[in-house]
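Here the structure is laid out as structure tokens; the discussion comes afterwards.
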Amino acid sequence: TIALNDNGIAIDDVTLTSSALTAGGDATLKGDVISFNVAGDITDLRALLPQAEGDASFRIEADGPIAALPLKLRLEAENTVMAGKKLTRLVVDATATADPAKPTAKLTAKGEIDGKGIDASAEMVTEQGRIAIPAITANVGRNTITGAIRLSASTLPTGKLSFDLPDISLLAALGGQVADGQLKGSMDLIEAEGKISAAIKADGKGVTARGIRIGAPEIDLKIPDLLTGHVSGTIRAADIVSGTNRLANLDARFMRSGATTDFDVKGSYDGAPLAVSGALEIKPGGMAVTLKQFSASPRKIPVKLSAPVTINTGSGGAEIRGMRIAAGKGSITVDGVAGDKLDLKIKVAALPASLANTFASGLDASGTISADATVTGSSASPAVDFDVNWQNALTSQIRAAGLSALTVNAKGKLQGSRLSIDTNVRGGGGLTLNANGSVDAGSQALNLSVKGQLPFAAVASQLAAQ
């Protein structure tokens with residue numbers, strides 16, 4: 001209910017209900033003094049964090065002049081699960097005074113995650129007209145984060161944060177993420193001549209997250225102006241592993257020269273040297289990335305950038321002109337624009353099919369692939385026209401069927417979720433196969449016509465096995 005009188009406005013018994021939240025409260029306004037009290041429950045934490053399970057309660061209170069309103073907030077979670085780890089007895093308290101001339105705030109958090117204690121605090125004060133957080137501390141299990149941040153006369157943050165994280169999994173779980181590893185380091189923020197610079201140093205045994213493991217990382221970076229993103233320094237790692245792919249002995253160096261940042265990356269991939277070098281330049285309205293060198297030998301097939309190429313990015317997307325990569329005796333050429341609107345031409349000539357084995361374990365593909373493709377439309381609804389020819393095509397499945405090498409020709413178009421295709425397959429012993437029609441992944445509609453001849457030898461081994 002809402003009541004208006006000579007003393008002000010009163011709002012009583014306001015309720016809010018949704019699938020994930022219930023809340024209720026009241027408020028009054030008398031002159032320049034406001035008072036309100038809102039309490040409720042988050043009944044399904046998954047609505048906020050997909051990796052969270054359980055519920056939490058909260059209360060928000062305020063009582064005082066609008067010009068310097070004091071606020072109180074409490075969040076409690078008694079028995080929840082965050083990314084597979086139990087979060088118990090969590091209590092977060094925050095108080096603040098919303099005074100534009102002298103704002104203050106204080107935050108504390110206590111509880112347990114996976115049976116390990118949580119104890120964090122930070123307080124914001126105003127010193128000589130400037131906002132400062134003189135002490136930041138967070139202890140989560142054996143993990144510690146400490147530091148202090150102040151705003152300079154130019155209202156830029158300065159200070160230092162130090163972290164020692166022997167068990168990253170606990171901090172990741174608090175954010176609803178799954179990660180593991182150990183990392184230690186610091187970040188210094190320095191203001192000079194109206195610019196904010198950063199120095200970041202970190203090292204550790206390793207970090208694993210989202211299926212990627214980084215072993216023994218060493219980071220030593222200097223960023224002279226955070227707003228421009230120029231970087232100098234080094235990033236090293238014993239290895240970076242994703243699935244069956246492994247980049248070993250990573251050594252990435254960044255060197256700033258004026259408005260340009262040169263980069264030089266070396267390592268070992270698939271047991272052979274990998275090298276990437278180039279430059280990044282920030283320009284009005286975009287960025288230019290020049291690749292001067294790229295070379296690697298996955299599956300012992302030499303892959304190399306044929307000539308330096310510059311990729312310009314801006315509001316229209318990334319513009320690529322004449323990028324050619326040699327792979328074995330074949331090549332891949334890319335030309336066009338990729339952004340909200342697409343206009344790309346891709347040409348593949350005599351590409352070793354065995355390169356696909358790097359990304360698909362157990363495929364064991366061989367032969368050579370040539371193709372032409374054009375990509376148009378928008379990034380939200382791309383259209384791909386393609387014409388593919390695969391000579392001497394073999395995979396582990398083809399070999400298991402007892403078939404000899406095939407010749408595969410496929411033409412078609414991918415528009416949204418709908419694939420239209422016309423395929424012709426030829427093989428030894430009189431094997432022929434023609435398939436044409438369409439497949440819609442969205443509606444799961446299948447409209448294909450398949451005709452051909454299958455020699456008895458192609459099924460003899462399967463029949464004999466039964």
Side-chain angles (χ1 to χ4, degrees), residues 20 41-58 73-94 105-124 133-149 159-189 198 200-219 221 235-243:
D41 296 293
I42 304 170
T43 55
D44 186 2
L45 287 170
R46 283 178 297 184
L48 302 177
L49 288 170
Q51 296 287 344
E53 299 176 28
D55 53 36
S57 62
F58 65 90
L73 180 146
R74 168 166 280 204
L75 176 69
E76 295 180 89
E78 180 58 33
N79 192 13
T80 62
V81 177
M82 301 290 286
K85 295 185 182 296
K86 281 190 176 182
L87 177 63
T88 56
R89 296 192 292 275
L90 177 68
V91 178
V92 179
D93 283 310
K106 185 176 182 179
L107 175 71
T108 63
K110 292 185 180 295
E112 289 185 357
I113 184 162
D114 201 29
K116 312 297 191 305
I118 300 171
D119 188 358
S121 66
E123 185 171 5
M124 185 183 78
I133 307 176
I136 301 170
T137 61
N139 300 297
V140 181
R142 294 181 295 137
N143 301 295
T144 61
I145 300 173
T146 60
I149 300 293
K160 182 174 184 175
L161 287 174
S162 299
F163 53 90
D164 185 359
L165 314 177
D167 186 0
I168 288 175
S169 67
L170 299 179
L171 288 173
L174 285 175
Q177 303 297 319
V178 177
D180 200 1
Q182 181 268 332
L183 199 64
K184 182 178 181 179
S186 63
M187 179 175 68
D188 289 272
L189 299 175
I200 303 171
K201 290 188 176 184
D203 61 71
K205 293 181 180 178
V207 177
T208 302
R210 298 182 180 272
I212 298 174
R213 179 178 63 82
I214 303 174
E218 296 180 18
I219 302 168
L221 296 176
I235 298 176
R236 296 186 176 94
D239 58 8
I240 299 176
V241 180
S242 176

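None of the values given here were measured: they were computed from a predicted structure.
- Around CE of Met187, the count of heavy atoms belonging to other residues, nucleotides or ligands within 6.0 Å does not exceed 12.
- Salt bridge present: Arg213 and Asp239 bring a charged side-chain N and a carboxylate O closer than 4.0 Å.
- A pairwise comparison of heavy atoms in Leu87 and Ile118 identifies CD1-CD1, 3.7 Å as the closest pair.
- Between Ala173 and Ala83, the closest heavy-atom pair is CA-CB, 4.0 Å.
- Remark: the backbone N or O of Asp167 is paired with a side-chain donor or acceptor of Asn143 at under 3.5 angstrom.
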Working for side-chain contact (heavy atoms from CB on, under 4.5 Å), residues Leu165 and Ile145: CA-CA 8 Å; Leu165 314 177; Ile145 300 173; 4.1 Å; yes

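- Thr146 and Ser162 share no donor-acceptor pair across their side chains, judged by distance under 3.5 Å alone.
- In this structure a side-chain-to-backbone donor-acceptor pair under 3.5 Å is present from Gln182 to Lys205.
- The nearest pair of heavy atoms linking Val92 to Ala109 is CG2-CB, 4.0 Å.
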Take Glu112 and Lys86 through the test side-chain contact (heavy atoms from CB on, under 4.5 Å) and record every step on the way to the result. CA-CA 8 Å; Glu112 289 185 357; Lys86 281 190 176 182; over 6 Å; no

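- Proximity of a side-chain donor or acceptor of Asp41 to a complementary backbone N or O of Thr43 within less than 3.5 Å is not detected.
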Check the pair Val140 / Lys116 against side-chain contact (heavy atoms from CB on, under 4.5 Å), numbers first and verdict last. CA-CA 7 Å; Val140 181; Lys116 312 297 191 305; 5.9 Å; no

